[in-house]
Structures are given as structure tokens and as C-alpha cells.
Amino acid sequence: MKKILVIGSLNMDIQVTADRLPGVGETVLGTDYSYNCGGKGANQAFAAGRLGADAVMLGCVGQDEFGRTLIRGLKDNGVCTDYISVREGKDTGTAVILVDSLANNSIVTIAGANGSCDIPYLEKTEPQIMDYEYLLVQMEIPPDAVFYAIDQAKEAGKAVILNPAPAPVGLPEEIMRKIDIITPNESELARLSRHKTDSLDGIMEGAGKLLSQGVGHVIVTMGDKGALWVSQEGCRMFEGTRVDALDTTGAGDCFNGALAVKLAEGKSMEEAICFANAAAAISVTRKGAQASMPFKEEVLSLMQ
Ligand code: ADP
């Protein structure tokens, strides 16, 4: 199996539940709270590790309990964490998520040590792990570090998967040309392509714009509807797997991790998308992001 390099964020999500969200200056009584390991980079590496990948994660945490917990979770699930940098004087990235009884949420994120996942860190670290074949990267670290990682990967002949989340309004064309696979959800595609994506035609046109900018393949994740694969050869819809959804947090991260795993195993794009759809469907039947990520056997048995 080929090695996957994940470069991205590691966050501790602090989720607080209350009947309703407080207004400005208001205090409401909450019902419960929990700490959940998160950050798109960590979630995707975790998913890949759980699914049996040879995965290595690059990113930064603070010298604190949150950082230690995040690293331990990845390691316990088979991800190489040797190159994650623990930054003195920085706090691990944090997200405070307020959720009401109707599952509406308000989120404040603090990048913390994720801001240190910068070009100097990558310049120092990446040369030690050039034996990877797939780069999986998102946009919760400084954009110039993302672009640097993509440049380096392409120069070394690696395959690049970009999950453009959170989505910028467009990406530089010289970067688009270096992306083999881009995996926006519908709203991320709208921002990236500056095109309305509230219909299937709109989604295909938006994806077509990304292709015309030089991206190899566009895979649009579409929640319970599944995923749409668009490339120069045409497009194909992969129906979502029917499940009783409980919590969709981390579904996209699970999809990306699973997709990378199958491609790294040498499987076709069709097989990889089917596997990713099934893996992500399992993840929405469980609470949490990393806690909801499935094991390989569970995905294979759902697909039978
Ligand atoms: P994100 O979590 O990034 O917003 P999506 O909502 O598009 O991404 O979900 C990613 C993938 O998770 C989908 O392509 C699909 O495979 C799976 N998925 C999400 N929601 C459901 C659902 N309710 N039922 C089955 N599969 C789902």
C-alpha cells in the first residue's frame, strides 16, 4: 500500500448543548458538554488510519493536554504522529460549538498552534517523509502553507487531493493545475467556482469550471445524495448509502480519508468513491467526528 501524507489542522472541539442559543449579553442554562478531537486534518488522518492506511500526519499542536490527547488518538489508530510539532507557548487549536435542541449551531474557532503549520515548518519536516504517494490537504492551516505543500508534492511527482474546506472564493490557477482531485461539498463548490450550485445542472457547471482551470477530477460530496464525480471523461453520480443519520459531523472528513485509502491501495476511482460513500454513511449514524469513523470491516460488510 502506498503512503498517505495528511497535512492539516488539529483541534479540540468543545461542544456545549443548550435548549436554545444565547443572544448577545444573555446567559442560558446548558444541558451538557463534551470534548471531542477534531480539526479537518486530524479527522481525515484518523479516518485513514482506522481504515488501515499507512498514513503520516503533519500539523502543529500546543504543549497542552488537548494536544497530547489529539496525538494519542491518532497514534492509537495507526497514524504516524512522529512529525507533528508541539509548539511551546502556543495553545492547541480549539473550536467552541454551541448546539441547540434543533441541532442549530454557532461556532467560534481559534486557530492556535494550527497557525504554526507554516512554510518554515513544512520546509524542515517534509524532506524527512518524501516516501509518500498521496498528499491529502485541507484549508484550515495558512493558505500559503497549503500551496507550498501542493507545489512540493507535484514537483516530486505525488498525487494531490485537496479538500477545499473551509472554501476560499476561488484558488490561484497555478495551484488548480496541480490538483489531481478536489473534493468540495455543494456550498464549497459554490464559493470556489463562484457558481450557483442549488441544482444538479449548477453543480455540474461549477465542477466544469474547476476542470477548465486545470483540476484533474472533481468529486462533489452531496450529503445523503452521495457524491458526483466529474472529469474530462464525463460525470457519474454515486448514490448515497441509505442510513438513519444521527450526526453528520465529520462526514466529509470520513469521505476524504476513505477515498485516499482506497486510491493508495491502488483501487480505481469508482471503487474508491463507493467505499468512501459507504464509510461516510456509517459515520453519520454515530455521534462525533473521530469517534464516528468506521473500521474497514464495517465498511466492507455494509457494501456487501
Ligand atoms: P460535509 O460533511 O463536508 O458537509 P457532505 O455533507 O457532502 O460533506 O457529506 C460527505 C459524504 O458523507 C457524502 O458524500 C455521503 O457519502 C456521506 N453522507 C453525508 N450525509 C449522509 C446521510 N445523511 N446519509 C448517508 N450518507 C451521508
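Position 1 is the first residue of the sequence; numbering continues from there. When a ligand or atom number is given, it counts from 1 through the structure's own listing order.
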inquiry  = Please determine whether any non-hydrogen atom of G240 lies less than 4.0 Å from an atom of ligand 1.
reply    =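 Heavy atoms of G240 never come under 4.0 Å of ligand 1.
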Assess, by modelled atom type and distance only, whether the side chains of [X] and [Y] contain a donor and an acceptor separated by less than 3.5 Å.
X    : Y    : value
S268 : E271 : yes
Q138 : N163 : no
T241 : N277 : no
T92  : D64  : yes
S9   : N11  : no

Show me which atoms of ligand 1 lie under 4.0 Å from any heavy atom of [X].
X    : result
V243 : 24 (N), 25 (C)
G252 : 1 (P), 2 (O), 3 (O), 8 (O), 10 (C)
M222 : 7 (O), 14 (O)
A245 : 23 (N)
G226 : 13 (C), 14 (O)
A281 : 25 (C), 26 (N)

Q) Under 4.5 Å between any side-chain heavy atoms of I273 and F255, yes or no? A)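 They are in side-chain contact.
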### Query
Is there a side-chain contact between L5 and M57 (heavy atoms, below 4.5 Å)?
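They are not in side-chain contact.
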Give yes or no for whether the N/O distance cutoff of 3.5 Å, strictly under, is met between [X] and ligand 1.
X    : value
N277 : yes
N185 : yes
A227 : no
G250 : no

* For atom 23 (N) of ligand 1, which of D224, I282, D247 has the closest heavy atom? ->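 Ranked by closest heavy atom to atom 23 (N) of ligand 1, first place is D224.
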Would you indicate which of A280, S283, S187 comes nearest to atom 17 (C) of ligand 1 when only heavy atoms are counted?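 The nearest heavy atom belongs to A280.
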Q.
Are more than 12 heavy atoms, taken from residues, nucleotides or ligands other than K209, located less than 6.0 Å from that residue's NZ atom?
A.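 Yes - once you tally the heavy atoms of other residues, nucleotides and ligands closer than 6.0 Å, there are more than 12.
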Check whether Q44 reaches the backbone of G41 with its side chain - one donor and one acceptor, N or O, closer than 3.5 Å.
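Side chain of Q44 to backbone of G41: no pair is present.
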Write out the residue and atom name of the closest protein heavy atom to [atom], then the distance separating them to 0.1 Å.
atom                    : value
atom 18 (N) of ligand 1 : G223 O, 3.5 Å
atom 25 (C) of ligand 1 : T241 O, 3.2 Å
atom 8 (O) of ligand 1  : T221 OG1, 3.5 Å

Q) In a check of side chain to side chain contact (heavy atoms under 4.5 Å, CB included) between L189 and each of T221, T197, L228, which one passes? A)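 With L189 as partner, side chain to side chain contact (heavy atoms under 4.5 Å, CB included) holds for just one option, T197.
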